[in-house]
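Throughout, protein chains are lettered first and strands after them, A, B, ... in sequence-line order, and every chain is numbered starting at 1. From a predicted model like this one, the values you see are computed outputs, not experimental measurements.
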Amino acid sequence: MSLSVSIKKKFKDFNLDVNFENDGDYFGVLGPSGSGKSMTLKCIAGLETPDEGRIVFNDRVLFDSQQNINVKPQDRKIGYLFQSYALFPNMTAEQNIGCGLKCSKEDRKIKTGKMIELFHLEGLEKKYPWQLSGGQQQRVALARIFAYEPEALLLDEPFSALDSHLKEELQAEVFEFLKLYEGQVLMVTHQRDEVYKFCKNLAILNKGKLIIYGDTKVIFNEPRTVEAAKIIGCNNISPCRIISSGQIFVNDWDIVLQTEKKIPENITYIGIRAHSFKIVNNNHEPNIMDCEIVNITDELFEYSIVFKNRASENSKKLIYKIKKNEWDSTTNKNKLFLKIPEESIFMLT
Amino acid sequence: MSLSVSIKKKFKDFNLDVNFENDGDYFGVLGPSGSGKSMTLKCIAGLETPDEGRIVFNDRVLFDSQQNINVKPQDRKIGYLFQSYALFPNMTAEQNIGCGLKCSKEDRKIKTGKMIELFHLEGLEKKYPWQLSGGQQQRVALARIFAYEPEALLLDEPFSALDSHLKEELQAEVFEFLKLYEGQVLMVTHQRDEVYKFCKNLAILNKGKLIIYGDTKVIFNEPRTVEAAKIIGCNNISPCRIISSGQIFVNDWDIVLQTEKKIPENITYIGIRAHSFKIVNNNHEPNIMDCEIVNITDELFEYSIVFKNRASENSKKLIYKIKKNEWDSTTNKNKLFLKIPEESIFMLT
Amino acid sequence: KVQSDTTILVSAAASLKNCMENDLIPMFEQKNPNIKINATYDSSGKLQAQIEEGADVDVFMSAAEKQMNALNEKGLIVENSIVPLLENELVLIVPKGNENNIKDFDDMLNAEIIAVGDPESVPAGQYAKELLENLDLWDEVSGKSSLGTNVTEVLNWVAEGSADTGIVYATDAASNDKVEVVSAAPEGSVSKVIYPVGIIKATTKLDPSKSFVEFLQTDDAKEIFAKYGFKPN
Amino acid sequence: MNLSPILISIKTASVSIIVTFFLGIFIARSIADMKYGKLKILIDGILTLPLVLPPTVVGFFLLFIFGVKRPIGMFLLEFLSIKIVFSWTSTVIAAVIVSFPLMYRSARGAFEQVDKDLILAGRTLGMSERKIFWRVIMPNALPGVASGGILAFARGLGEFGATAMIAGNIADKTRTLPLAIYSEVASGNMEGAYSYVLVVIIVSFVVLSLMNYFIMKQNKYSNKGV
Amino acid sequence: MNLSPILISIKTASVSIIVTFFLGIFIARSIADMKYGKLKILIDGILTLPLVLPPTVVGFFLLFIFGVKRPIGMFLLEFLSIKIVFSWTSTVIAAVIVSFPLMYRSARGAFEQVDKDLILAGRTLGMSERKIFWRVIMPNALPGVASGGILAFARGLGEFGATAMIAGNIADKTRTLPLAIYSEVASGNMEGAYSYVLVVIIVSFVVLSLMNYFIMKQNKYSNKGV
Ligand SMILES: Nc1ncnc2c1ncn2[C@@H]1O[C@H](COP(=O)(O)OP(=O)(O)OP(=O)(O)O)[C@@H](O)[C@H]1O
Ligand SMILES: Nc1ncnc2c1ncn2[C@@H]1O[C@H](COP(=O)(O)OP(=O)(O)OP(=O)(O)O)[C@@H](O)[C@H]1O
Ligand code: MOO
Ligand SMILES: [Mg+2]
Ligand SMILES: [Mg+2]
């Protein structure tokens, strides 16, 4: 399974310019709204034509602007889950799922039935799309594309309309099912945890450009750029200045961080996740902040604590997230010291 | 601000039967896919007509099947955010946002501009819906409904298509903005944390029925029924048997739980959140399980640990979720004892 | 005695269009500078219906007496104003070349398809039916006839060889150079094909109408009619 | 070649397409709004009727309606001093009557193809039904409505049978292009006929091109079409 | 009342609507597929032409094409022994030619109103273009296509001018209902005319009702319509 994409497409005020190769089976794409995720998938599926570039999938050239190759979507054998589902309004759920199958009636029935079961659609077989709820529609769209068994699956926000409970269940089942499936899966999602859980490789898009590409866990541990850090969910980001090898001054928090890691020269920002801080008892060690709590929000499983560096007048706000029972059992809440663990510091450009 | 809804609507294989009154400003609706959330909102907005019942909003009777009242959607002054956006394809983003406004051109321009800013749509004013990404479309739909300034806002999955970063930012801004707004907000969502953060009251729907209704935090602490517990994200649920006042036998985990709380007589299930367990060093106290770890999954900020009760051959699987750094600093990982804190036990019917 | 600049409307059988528009109307208007002629042309049957429904017609020039008489009976024509202006002739036509060797009305039976006007609505058809009845041919002919709803159809069917032969007015035959006249209706075999002219009772322009009808009977006008193949009466 | 039939035809076709267009969409909208049922089908049938009858016969019926001896004709003459038969107005009436079903039917089909959610969205945004119609339904039904317009215009331009009946065939007054063509053909003057046919073709080409261009421009916003 | 015109008309209208329907959607699809440009507009204009010419003139041109002295007519007669003119077939030809633009235009408008994403979805599911057309585009363009069908059927049923010209008016063979009606009206036999008109009305009502019913049934799945 290999996919190599290198495409450019220009719009009046948006330029897509994406470049990657992927050999793994599960591949995720993250990026802010409007960054070109869907457009990239559409180009791969053959629904949009890039202005220039080349797309090769399992040694088949699907598109090559120089050689004037542009394989029809039908012949690409690549399934695309529309973000807006694009269910056929004139067909029932069942017919929608079965419509791409080229096999005998009985086989179709069996396959369709299997998909209906897999996606918990029992009882909805005979309903038309407008009689289905948002989540049901999404599941029919998923079932339709899975039934077709393409060589690659491009999933654009596959679980966005599902409730968390069903989503978890379905994810588990779908990925179980996918293990038997030989194709490649390329998934666009806004859910960081989805990507983290399921995708070996990850590409992050921003404003039409691929800003980072590589092993998912590596990227999550080392996002390298400010944009990537934001996208993987780093809440605290500040400009910084390298003081010496081993010392960085963080402008917004008015603190000097020490590290034994080699500091790349081009570092201009520092980031730290809201979950990465550690409560300590005093600030006798380096990289510890004396926190002035500004505000505590009660979130579902955790508290979100907004604080400033007490040692500085100009400190901007930071966020610390802590599990509720941990916070509840913390003594000394009004003398809060937070350590920034060295290994959790993101050094960003 | 008050909304009282009591409606019934029958379909061939789905019956909606919902009943609630709400005085608060922010009101959330949770429920699995296909449980009737959108349908309920549509009935309130006047897009679907219930078979029978009564809807009263701020002392205006909007619908009453007995008195044959059915106020036109236009006169209800209730904005409804379509789950599928329903943007007008023939209008630009800007025109979509401004089309419901009844005011002078200049005012319209100002208001539209404000919304475009609030929803980070700068630069997309002149684009038509099909030129917008999924998240951009959702934001235009949100902006359109906010610009209209109805007396109540019904939001059906308002942030589902947004990336987490933008979503958090937008949520904060939108709720800031809403503070100035006098209307009532009724929000349907699949995101438990969204509801928890923003909605004072919560209704949980299941299969067209309202299964629990009340203060959000109370429900999250005491879901009372199995369905509600599942929906608020309780992963570990098992049938149980009351042994004596203070003692419950949990079938699936083969353990007797002790509690000082009064046990309601009709209890048939026990639930505990994956986050609620506490690591302890031995099982000399009650409510502690000696855990046989089956599987550990690396999730984004935490590990998901699947385990069984080592003391029993028949124990089914449970899930424990723990923050990564906490787990990392745990010694004795292969002799894991987990305590089920008394206050975290959900007693369910 | 004539009001200045009056316009009168003449309803004329379609077969009169060419001679009216090309010659007669300009000639009359030149002689009577203060009278303008408007004319409308159609099948006489339609013109009759229009007049019956009160169309603003002043003078009616029919292609047969039947329509004129019908109007007269309803009292729509100025008394004694009807003049049997012209006579036309019924002729047998074939496509140029006459491959089927049709020479006379009797030969019509050899034809596969025969074109005649619909006797119900087209005057030429009505006369053709009378003629063929008198020749004892109608029963057989009608079985293979296509009944044209107007003369143009009948003419073109024959011209294009779709029909092997047909019966039309001599004047119509003259207007199409792809047909050939092979025979004319024998004397006495059919009543005279008269084109009558009459003044409509509802007219508010009696005098100009009268001058036009009078003009049509002048020698100048007769010359023109003759040029187009009509026999002035 | 006499130019008057050209001018008359253009005038007639222009006025009648305007009347037909608005009447057509108005009635189509009213009918589309109705629930399916016998009444709807009945009205639909009546409105389509002018299409199944030969235009000449339609002309006969019009003559019966507007004749000065008939109630309506009498009324118009008595109180408004309007004589319909043989007037230029009657060319418009004939064109409107025969082209109406085309406009009506196409518009109705097009309206029925518009996504209902858009209409509901308009309602929850407080837009009046009128505004929804003009700002939402019409633009989204444009291809179908425009098709109807093109058909109706072409039909109006080509109208002959009913026109001949009620408007007559008076040079410089009611002789439209089709009547002129017919007259030329009837009098065997094929050259005259061809030149008029050419004119008809040119006129309709110009109008069709304009309409196509207009639709294309309006359509640029949408992601529709095969 | 002679029944043969009724039977002939029903036969003609049925056969011609089938031909027109499939020809119309086939050509509409091909044209809709084309990029906007001069060629598209040109072809569109030519296809709409039969509508702007008076049917009699259309008939006249058909006579020129199929006449036994013209190349095509000659060819058909010589090699296939088919005589088009005055045959029942020619009533069908006339009806198809005059009703074609209605079907074509309506179908095109309807196709252009279909959501493009549905077509793209079909493609990514490996459906052939043909299958996409029949299973996706057609059903979703149904209201517009059906409108076209109704218009074309009605027009074919009512066709008179071109039919009279090319098929003639031969009793029991090519005399269709409109010809019969015309005959009766023209000879002032209004009673005969009315009974035929009644028949036309009944026939078209039955067909319209069936079509309406069919559309309604097919439409039940959709959330469309005003
Ligand atoms: N046809 C078009 N013309 C102009 N701009 C377009 C067109 N289609 C898409 N765009 C722009 O391209 C950008 C990328 O769109 P895309 O749908 O790929 O975003 P996305 O990453 O999928 O976002 P989301 O998460 O919101 O779905 C957007 O800014 C959009 O406005
Ligand atoms: N017109 C209809 N006819 C029959 N059943 C319908 C119709 N509309 C909705 N339903 C059914 O009603 C149920 C509730 O639908 P609704 O859209 O309210 O669900 P929901 O709670 O919003 O779900 P989701 O979270 O997936 O959007 C679904 O099971 C759906 O199949
Ligand atoms: O009145 Mo006609 O045009 O000679 O049949
Ligand atoms: Mg997208
Ligand atoms: Mg919903």
Side-chain angles (χ1 to χ4, degrees), chain B residues 38 41-49 62 70-103 126-132 137 140-156, chain D residues 21 25 28-30 32-37 106-107 109-149 211-226:
Chain B
S38 299
L41 295 198
K42 281 185 186 168
C43 287
I44 298 172
L47 306 181
E48 293 270 357
T49 310
L62 299 184
N70 190 4
V71 176
K72 281 193 297 175
Q74 281 98 330
D75 300 335
R76 294 194 179 195
K77 304 230 179 66
I78 293 185
Y80 174 67
L81 179 80
F82 280 74
Q83 198 169 1
S84 55
Y85 320 143
L87 294 179
F88 301 127
N90 55 311
M91 300 184 195
T92 60
E94 200 174 44
Q95 288 168 338
N96 260 290
I97 296 170
C99 72
L101 299 179
K102 287 186 195 70
C103 56
K126 302 276 179 263
K127 287 202 174 183
Y128 289 98
W130 68 279
Q131 299 172 312
L132 296 173
Q137 288 179 24
V140 172
L142 269 167
R144 179 172 76 173
I145 215 151
F146 272 79
Y148 172 52
E149 288 180 359
E151 292 179 18
L153 280 171
L154 311 182
L155 305 178
D156 202 347
Chain D
F21 187 82
I25 58 176
R29 184 199 170 188
S30 317
D33 263 337
M34 287 172 64
K35 289 250 171 301
Y36 268 100
S106 302
F111 293 161
E112 284 173 356
Q113 260 180 272
V114 174
D115 188 347
K116 202 168 186 181
D117 272 356
L118 297 182
I119 298 161
L120 294 179
R123 292 202 181 127
T124 58
L125 290 171
M127 288 163 79
S128 64
E129 292 295 331
R130 163 190 238 103
K131 193 168 170 192
I132 291 175
F133 180 71
W134 288 108
R135 300 281 322 268
V136 178
I137 299 176
M138 270 295 280
N140 286 293
L142 196 73
V145 172
S147 277
M211 285 221 183
N212 266 321
Y213 175 77
F214 172 75
I215 298 172
M216 183 190 64
K217 257 193 72 173
Q218 281 290 310
N219 233 19
K220 69 165 196 294
Y221 60 73
S222 90
N223 192 23
K224 300 291 173 82
V226 182

On a heavy-atom basis, the closest approach of B:F88 and D:L125 is CE1-CD1, 4.2 Å

Quick one: which of B:A147, B:P73, B:S84 has the most heavy-atom pairs under 4.5 Å with chain D, could you say?
B:P73

Hey, what do you get for CD1 (B:I78) to OG1 (D:T124), rounding to the nearest 0.5 Å?
10.0 Å

What distance do D:K131 atom NZ and B:Q74 atom CD have between them, rounded to the nearest 0.5 Å?
11.0 Å

With rounding to the nearest 0.5 angstrom, report the OH to CG distance, B:Y80 to D:L120.
9.5 Å

Please look at B:K72 and chain D and tell me whether the side chain, the backbone, both or neither of the residue comes under 4.5 angstrom of a heavy atom of that chain.
neither

Could you look at B:L101 and say if it's the side chain, the backbone, both or neither that has a heavy atom under 4.5 Å from chain D?
backbone

Given B:P89, which of D:L118, D:D115, D:V136 fulfils the side-chain contact (heavy atoms from CB on, under 4.5 Å) condition?
D:L118

Please report the interatomic distance OH(B:Y85) to CG(D:D117), rounded to the nearest 0.5 Å.
13.5 Å

I'd like to know whether NZ of B:K77 has more than 12 heavy-atom contacts from other residues, nucleotides or ligands below 6.0 angstrom.
no

Give, as side chain, backbone, both or neither, the part of B:L87 having an atom under 4.5 angstrom from any heavy atom of chain D.
backbone

Going from CZ on D:R135 to CE on B:M91, what distance comes out if it is rounded to the nearest 0.5 angstrom?
4.0 Å

